[in-house]
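Have a look at the structure below before the remarks.
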Amino acid sequence: MRKVIVWMMVSLDGFFEGPKGDLSWHRVDEELHQHFNDELRTKGAFLDGRRTYELMAGFWPTADQDPQASATTREFAGIWREMPKIVYSRTLDRADWNATVVREVVPEQVRALKEQPGGDLILGGAELAAEFARHGLIDEWRIYLNPVVVGGGRPLFPAGTTLDLELMETRRFGNGVVLLRYR
């Protein structure tokens, strides 16, 4: 059975997005980006909230056409375009780039998706992760902890969230980011 894996970059103070949507503090160098590519190319689909999808769709469809793009950037652009995407949104009428819009999280539909053949499902977006967690649909958390404090923004875990997780793996990257993998 496929797993639903939350995949998020987070600051030391628990934010996935800094003030005013700032993501400039994300420390994605070539080593970390290659790790992302190696892991994500084997997955079955991206499950994204609207904001995450729009952020990704605003850059990745043509990122490999930039002559100055790195090899890892060009590679990920292809991975992103080809990967099926399910976008959870009540406001989008349609989404491009191999994407399907779904209006709400229906636990039975997600469980049926997990039973389909293919690679694991990568969930992006804190609000969507909170909704999946409320329904007990998350099998794994991959938190990429960045060695920065941003002082505010949007937290990964909404106030009142309680989870009892088991640490499965840690990995330190050369840029100081640490993968914390939980189930």
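- Residues satisfying the side-chain hydrogen bond (donor to acceptor under 3.5 Å, both in side chains) criterion with R27, sequence neighbours excluded, are absent altogether.
- Put simply, the side chain of R50 reaches to within 4.5 Å of the side chain of T91, judged on heavy atoms.
- Counting all heavy atoms, side chain and backbone alike, F16 lies closest to A126 at CE2-CB, 3.1 Å.
- Not one N or O on the side chain of N146 forms a donor-acceptor pair closer than 3.5 Å with the backbone of V148.
- The existence of a salt bridge linking D64 and R81 is confirmed by a sub-4.0 Å separation between a basic side-chain nitrogen and an acidic carboxylate oxygen.
- With contacts defined as side-chain heavy-atom distances shorter than 4.5 Å, the pair V149/S11 does not qualify.
- Using cut-offs of 30° and 60° for the angle between ring planes, the F132 and Y88 rings count as perpendicular.
- In plain terms, the two heavy atoms of K85 and M83 that are nearest each other are NZ-O, 2.5 Å.
- The closest side-chain heavy-atom distance from L113 to L121 is below 4.5 Å.
- Remark: E169 engages R181 in a salt bridge (charged side-chain N to carboxylate O under 4.0 Å, His left out) (not counting sequence neighbours).
- Under the 4.5 Å side-chain heavy-atom criterion for ILVMFWY residues, a single connected hydrophobic cluster contains both F46 and L92.
- Scanning for side chain to side chain contact (heavy atoms under 4.5 Å, CB included) contacts around D96 gives Y53, R94, with sequence neighbours left out.
- Just one residue in the list Q34, R41, H33 forms a side-chain contact (heavy atoms from CB on, under 4.5 Å) with F76, and that residue is H33.
- Within the 4.5 Å cutoff, the side chain of V150 has heavy atoms near those of the D13 side chain.
- Both I79 and L32 are assigned to one and the same hydrophobic cluster, defined by single-linkage of ILVMFWY side chains at heavy-atom distances under 4.5 Å.
- Evaluation of the ring-ring contact (aromatic ring centres under 6.0 Å, His included) rule for W7 yields F36, Y144 as partners, not counting sequence neighbours.
- Nearest approach of L128 to D48, heavy atoms of both residues: CD2-C, 3.5 Å.
- Atom CZ of R90 is surrounded by 12 or fewer heavy atoms from other residues, nucleotides or ligands within 6.0 Å.
- Among residue pairs with one or both ends in residues 109-133, those qualifying as salt bridge (Lys or Arg N to Asp or Glu O under 4.0 Å) are R51-E127, K114-D139, E127-R154, E131-R134; sequence neighbours excluded.
- Nearest heavy-atom pair, L180 versus Y182, reported as atom, atom and distance to 0.1 Å: CB-CE1, 3.5 Å.
- Looking at residues two or more places apart in sequence or on another chain, you find a salt bridge (charged side-chain N to carboxylate O under 4.0 Å, His left out) between E166 and R183.
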